[in-house]
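For reference, the structure is listed below as structure tokens.
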Amino acid sequence: MEEKQIRDKKGIQQLYNDVLAELGKHIHINLAPVIPLFENFVLERLLDTWTKDPTDSEKEVSIENGNIQNLGLRLRLEGFNRPGAEPFDITKDLLFKLEHDSYTIGPDKNTTWLEKEYLQRWTTAEYETIATQWGDELVDEITEKLQG
């Protein structure tokens, strides 16, 4: 039986450096029609270094120590400014929740769109699916703000 990869420095680095970067590209392409509606667009990687591992509260939380609990992407669209609509900004996160031997991806800690094992390759279809789901939710939120 093949041994499962557990959360460690290598697995977290691969997610942070490779998976988030590639996912960001897919999201950026999907959001291309929405971006011009705002004055400012920021898509950044997040790294949660403040949530301690409940099994090891002594060790500093870092990629080096392999004990990061959450990472992800944060989108900020600022300055929606169109005649007849109230100006607004919108922030949306995509969260990777890192468990001991797998991780989940979703818009928050309680919603899972995909679960993967560490170092398991992502397919183009998986990148597209997550980027599309996230983009659809964002468009729904923008629509709600415009109707509100």
Side-chain angles (χ1 to χ4, degrees), residues 1-80 88-146 148:
M1 190 171 123
E2 193 178 307
E3 189 178 322
K4 275 191 163 192
Q5 175 71 32
I6 60 167
R7 180 182 65 204
D8 65 3
K9 176 182 170 181
K10 183 179 177 187
I12 294 171
Q13 281 179 323
Q14 187 222 2
L15 289 177
Y16 188 75
N17 295 327
D18 302 339
V19 174
L20 289 183
E22 186 63 26
L23 191 54
K25 287 179 196 171
H26 287 269
I27 287 169
H28 196 268
I29 290 165
N30 282 8
L31 295 182
V34 174
I35 294 169
L37 301 174
F38 292 83
E39 291 175 9
N40 193 22
F41 160 83
V42 179
L43 182 63
E44 59 190 351
R45 293 181 290 182
L46 292 177
L47 194 58
D48 175 353
T49 55
W50 52 90
T51 304
K52 295 266 188 199
D53 186 335
T55 61
D56 184 10
S57 60
E58 297 300 306
K59 211 184 275 183
E60 179 187 350
V61 178
S62 70
I63 289 180
E64 285 299 312
N65 289 331
N67 58 354
I68 300 285
Q69 301 287 304
N70 302 293
L71 52 83
L73 294 170
R74 171 167 288 157
L75 172 73
R76 285 197 325 265
L77 292 168
E78 299 165 337
F80 182 90
F88 66 87
D89 301 337
I90 198 160
T91 301
K92 185 158 184 61
D93 292 343
L94 182 64
L95 186 67
F96 283 56
K97 196 169 150 192
L98 309 184
E99 305 293 344
H100 183 67
D101 56 8
S102 67
Y103 60 95
T104 59
I105 301 104
D108 56 54
K109 288 181 180 181
N110 303 316
T111 308
T112 299
W113 289 341
L114 181 65
E115 182 172 348
K116 300 210 40 105
E117 291 181 13
Y118 292 101
L119 304 181
Q120 183 182 0
R121 285 206 174 288
W122 277 60
T123 64
T124 301
E126 286 171 327
Y127 282 117
E128 279 302 313
T129 299
I130 296 295
T132 300
Q133 279 182 283
W134 201 55
D136 289 349
E137 275 201 4
L138 178 72
V139 168
D140 289 347
E141 286 179 33
I142 291 170
T143 304
E144 276 177 37
K145 283 193 181 281
L146 290 173

*Check: I130 and Q133 side chains under 4.5 Å, non-hydrogen atoms*: yes
*With L71 as reference, evaluate L20, L46, V19, D48 under the side-chain contact (heavy atoms from CB on, under 4.5 Å) test and give the passing residue.*
L20
_How close do E99 and R7 get, counting heavy atoms only, and between which atoms?_
O-CB, 3.5 Å
*Return the minimal non-hydrogen interatomic distance between P33 and N30, and the atom names on each side.*
CD-O, 3.5 Å
*Just do the side chain to side chain contact (heavy atoms under 4.5 Å, CB included) check on D89 and T91 with the steps written out, would you?*
CA-CA 7 Å; D89 301 337; T91 301; 5.8 Å; no
*Checking N67 side chain against E60 main chain: does a donor-acceptor pair fall under 3.5 Å?*
yes
*How far apart are the closest heavy atoms of Q5 and D8, and which atoms are they?*
NE2-OD2, 3.0 Å
_Contact check, side chains of L94 and W113, non-hydrogen atoms, under 4.5 Å_ = yes
*At what distance, to the nearest 0.5 angstrom, does CD of E128 lie from CD1 of I29?*
7.0 Å
*asked:* Before you tell me yes or no, could you show the steps for E22 and K25 under side chain to side chain contact (heavy atoms under 4.5 Å, CB included), namely the whole-Å CA-CA distance, both residues' side-chain angles and the distance that decides it to 0.1 Å?
replied: CA-CA 5 Å; E22 186 63 26; K25 287 179 196 171; 3.7 Å; yes
*asked:* Do Y118 and Q14 make a side-chain contact, defined as non-hydrogen atoms from C-beta onward lying under 4.5 Å apart?
replied: no
*asked:* So which atom in K109 and which in K97 form the shortest heavy-atom distance, rounded to 0.1 Å?
replied: O-NZ, 3.5 Å
*Within the distance-only criterion (no hydrogens, no angle test), does the side chain of W50 pair as donor or acceptor with the backbone N or O of V61 below 3.5 angstrom?*
no
*asked:* Quick check for you: to the nearest 0.5 Å, what is the distance between T104 atom OG1 and K116 atom NZ?
replied: 13.0 Å
*Roughly how far, to the nearest 0.5 Å, is the NE2 atom of H26 from the OG1 atom of T132?*
9.5 Å
*Any chance you could measure Q120, atom CD, to T123, atom OG1, to the nearest 0.5 Å?*
9.5 Å
*Does F96 have any ring pair (Phe, Tyr, Trp, His ring centres under 6.0 Å) partners at least two apart in sequence or in another chain, and if so, which?*
Y103
*asked:* Walk me through whether L37 and I142 qualify under side chain to side chain contact (heavy atoms under 4.5 Å, CB included).
replied: CA-CA 10 Å; L37 301 174; I142 291 170; 5.5 Å; no
_Worked check of salt bridge (Lys or Arg N to Asp or Glu O under 4.0 Å) between E64 and K9_ = CA-CA 6 Å; E64 285 299 312; K9 176 182 170 181; 3.0 Å; yes
*Report yes if some heavy atom in the side chain of L75 is under 4.5 Å from a heavy atom in the side chain of L31; otherwise report no.*
yes
*Does D93 use its side chain to pair, donor to acceptor, with the backbone of L95 at less than 3.5 Å?*
no
*Grab the two heavy atoms, one from R76 and one from E78, that are nearest each other, plus how far apart they are.*
NE-OE2, 3.3 Å
*Where I63 and Q13 come nearest, the two heavy atoms and their spacing*: CG2-CG, 3.4 Å
*Taking side chain as C-beta onward, heavy atoms only, is V34 less than 4.5 Å from L77?*
yes
_Atom pair CD/CD1 of E141 and I90 - distance to nearest 0.5 Å_ = 4.5 Å
*Rounded to the nearest 0.5 Å, how far does CD1 of I105 lie from OG1 of T111?*
13.0 Å
*Residue pair I68 / L15, side-chain heavy-atom distance below 4.5 Å*: no
*Kindly determine whether L73 and E44 satisfy side chain to side chain contact (heavy atoms under 4.5 Å, CB included), including the steps that lead there.*
CA-CA 6 Å; L73 294 170; E44 59 190 351; over 6 Å; no
